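Reading through the structure tokens given below for one structure.
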Amino acid sequence: MARLIDGVAALLRRAGTERVYGRALGSLDRIEVDDETAALLADAEGRTLGGVGVARLTGDVLHLSSQPGGTATPVGVDSLDELAAALAAVAAVEVPTTVALHLRFDLDAELSAQALLDAAESAPSSPKVAPVLSADLASMRIAMVVGPGAIRVDPGAVGSTARRGGFGVLNSFGAKGVLRWDSPLHHGTVGLQRDDLDHCGLDGLDMVLTCGLDPLEVAVGDLRARNRALLVQDVAPDATGDLLDHWPRTHREPAPRPPLYDRIADIVTPHYERDRGAVTGPRAALQLAGAAPDGAVVVADAGHAGFVLARTFPTGVAGSIVVPPVPTEGFALAAAIVCGLAGRPCIGVVDGGFGLDGDPESLPNRLAACAQRLGVAVSLQRWGGGSTDPADHVERCRAGFAATHLGVTVDDVGVDLGVLDELVDSLGPIRDGWSTRS
């Protein structure tokens, strides 16, 4: 006879979960680690691979997350029916989030097959309102501002809508790649510096269509603060396809790119092109992107290196670069581990101060021990002092993506990060906690 814990596992598996971090949970693959490490690995899995990561913590708390460093007050769940409804509600949230569910029923109690079927079928659906823009609005000046929810749900939907409407698209750093870096509709990445939104053309717009914004990256209030007359319409990522059904099917020329785009390009282009001396931050980002095989991802901690990657990584594939919105100890290492478990090529990038020496009970060392125990090959680049030649860096990137050495390998790369001061001089201080430059 099955037990209720098997029903919990079955509901999670039906929702797309294959593994659980922390304590065992029925038939799910278990990664045995302490609570802190389990929560971080679940955060990293949900954010990097899509869906939500799952950790079972002490006290029968399910930590369901796609937001690095995310916390939540546990909500009591008293039956499989309630759990099914809670999982359906989590699945309906497009942006990165964290939910904690306290399982308050006897997990060892017997469970009939019919009870499990009834629980799965009892999960309510969440109907969504799909706005449709009137054809009368076709003459308005409209742009899109999109966040990570857009690429978590349907990476191609925003691009299709933007091309149909001729809309310029500003993406938060969590949605890099929603349009190719060289698309005329790609108008830049926002949310990284204080003055980004002052130079992205909001004053010249009548309406902004928002989609999948994470308020930890860019909030709707930030947009309205720059233009009080601005109309803001939020569109669910899976509803963008219906948005322009009433519009005339005529070719619309995209609006010119805003000053933000040219400001950044003028600063970073010389750094991309410099092929002598220490590899520059933008050149290193370019080379990581160029060396990445199909399906690869670059993950970085929020810091100097993470900022450079979030600002300058030239994306052609949505989700190929992930940097958390707030500093989260161990994120890049944890994300590289979960990519290894999923068989996805990955390089993690950390700042020069990152280390695996010292206290074996520190979070980075516990993560490294986990990687070794699981037989996962993890490749980290540590960007610090020194002078790594650009050609040498290319070879290191190729080797890192193809790494087979089990455990964590840290490759010290001497990177010239002079671009930081130039960007700060042009667009103001970097996000809180990411850099000391201001």
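All heavy atoms count here, side chains included; hydrogens, waters and symmetry mates do not. Just so it is clear, the model here is predicted, and its values are computed rather than measured.
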For [X] and [Y], which heavy atoms make the closest approach, and how far apart are they?
X	Y	answer
I31	C370	CG2-SG, 4.0 Å
G166	L185	C-CD2, 4.0 Å
P131	Q233	CG-NE2, 4.0 Å
A138	P248	CB-CD, 4.4 Å
T240	T161	O-OG1, 3.1 Å
G201	P258	N-CB, 3.8 Å

Indicate yes or no: at least one non-hydrogen side-chain atom of [X] is less than 4.5 angstrom from one of [Y].
X	Y	answer
L230	V232	yes
V297	V322	yes
V349	L380	no
L341	V376	yes
P254	F167	no
D245	D242	yes
D154	D238	no
L356	V408	yes

Worked verdict on Q193 versus L423 for side chain to side chain contact (heavy atoms under 4.5 Å, CB included):
CA-CA 9 Å; Q193 293 179 252; L423 287 167; 3.8 Å; yes
Got a sec, which residues hit side chain to side chain donor-acceptor pair (under 3.5 Å) with S426, two or more places apart in sequence or on another chain?
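Side chain to side chain donor-acceptor pair (under 3.5 Å) list for S426, sorted by chain: R263.
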Which one of T97, L101, V93 satisfies the side-chain contact (heavy atoms from CB on, under 4.5 Å) criterion with L64?
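Among T97, L101, V93, the one meeting side-chain contact (heavy atoms from CB on, under 4.5 Å) with L64 is L101.
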Reference residue L223; test side-chain contact (heavy atoms from CB on, under 4.5 Å); the match among V208, V190, L170
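The residue from V208, V190, L170 that satisfies side-chain contact (heavy atoms from CB on, under 4.5 Å) with L223 turns out to be V208.
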Taking the side chain from [X] and the backbone from [Y], do they hold a donor-acceptor pair closer than 3.5 Å?
X	Y	result
K176	A310	yes
N227	L202	yes
W247	S134	yes
E217	S172	no
T17	R13	no
T312	L309	no
R396	D411	no
S379	A403	no
R431	G191	yes
D214	G149	no

Salt-bridge contact R366-D34 (side-chain N to carboxylate O under 4.0 Å)
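Salt bridge: yes.
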Between D196 and R311, does any NZ, NE, NH1 or NH2 come within less than 4.0 Å of an OD or OE carboxylate oxygen?
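Judged by the 4.0 Å cut-off on N to carboxylate O distance, R311 and D196 do form a salt bridge.
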How many angstroms lie between atom [atom1] of [X] and atom [atom2] of [Y], to the nearest 0.5 angstrom?
X	Y	atom1	atom2	answer
L243	S160	CG	OG	12.0 Å
C211	M144	SG	CE	5.5 Å
F173	T189	CZ	OG1	10.0 Å
E18	D29	CD	CG	7.5 Å
L137	S139	CG	OG	7.5 Å
D425	I267	CG	CD1	8.0 Å

Atom CG of D432 with >12 non-hydrogen neighbours under 6.0 angstrom
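Counting neighbours around CG of D432, 12 or fewer heavy atoms of other residues, nucleotides or ligands fall under 6.0 Å, so no.
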Hey, is CD on E422 packed in by over 12 heavy atoms from elsewhere, all under 6.0 Å?
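Count over threshold, so yes.
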Taking only residues two or more places apart in sequence, or in another chain, which ones meet D60 in a side chain to side chain contact (heavy atoms under 4.5 Å, CB included)?
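Counting only residues at least two positions away or on another chain, D60 forms a side chain to side chain contact (heavy atoms under 4.5 Å, CB included) with R23, R56, L103, L107.
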What residues form a side chain to side chain contact (heavy atoms under 4.5 Å, CB included) with D262, not counting sequence neighbours?
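Partners of D262 under the side chain to side chain contact (heavy atoms under 4.5 Å, CB included) test: none.
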Just checking, any donor-acceptor pair under 3.5 angstrom between side chains of Q381 and D412?
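Looking only at side-chain atoms, D412 and Q381 do not form any donor-acceptor pair under 3.5 Å.
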Enumerate, atom names and distances included, each donor-acceptor pair closer than 3.5 Å involving a side-chain atom of residues 276-295, sequence neighbours excluded.
| from | atom 1 | to | atom 2 | distance (Å) |
| --- | --- | --- | --- | --- |
| T280 | OG1 | H271 | O | 2.7 |
| T280 | OG1 | R283 | N | 3.1 |
| R283 | NE | Q287 | OE1 | 2.9 |
| R283 | NH1 | Y272 | O | 3.0 |
| Q287 | NE2 | P390 | O | 3.1 |
| Q287 | NE2 | H393 | ND1 | 3.0 |

Using a 3.5 Å cut-off and no angle test, enumerate the donor-acceptor pairs between side-chain atoms of residues 39-50 and protein atoms at least two apart in sequence or in another chain.
| from | atom 1 | to | atom 2 | distance (Å) |
| --- | --- | --- | --- | --- |
| D43 | OD1 | H63 | NE2 | 2.8 |
| D43 | OD1 | S65 | OG | 2.7 |
| D43 | OD2 | G69 | N | 3.1 |
| E45 | OE1 | R19 | NH1 | 3.2 |
| E45 | OE1 | Y21 | OH | 2.6 |
| R47 | NH2 | G174 | O | 3.3 |
| T48 | OG1 | A44 | O | 2.9 |

Check step by step if side chain to side chain contact (heavy atoms under 4.5 Å, CB included) holds for H102 and L62.
CA-CA 6 Å; H102 180 202; L62 286 186; over 6 Å; no
Kindly state whether the ring of W181 and the ring of Y261 have centres lying under 6.0 angstrom apart.
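Distance test on ring centres: not under 6.0 Å, no.
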Going by the salt bridge (charged side-chain N to carboxylate O under 4.0 Å, His left out) test, name the single residue among D198, D195, D203 that passes it with R226.
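So, applying the salt bridge (charged side-chain N to carboxylate O under 4.0 Å, His left out) to R226 and each of D198, D195, D203, only D198 qualifies.
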Please walk me through it: do V99 and V75 pass side chain to side chain contact (heavy atoms under 4.5 Å, CB included)?
CA-CA 8 Å; V99 172; V75 175; 5.8 Å; no
Any residue meeting ring pair (Phe, Tyr, Trp, His ring centres under 6.0 Å) with F331, in chain and number order, not counting sequence neighbours:
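Applying ring pair (Phe, Tyr, Trp, His ring centres under 6.0 Å) to F331 gives none.
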Verdict with reasoning, N171 to L179, per side chain to side chain contact (heavy atoms under 4.5 Å, CB included):
CA-CA 9 Å; N171 58 264; L179 287 172; over 6 Å; no
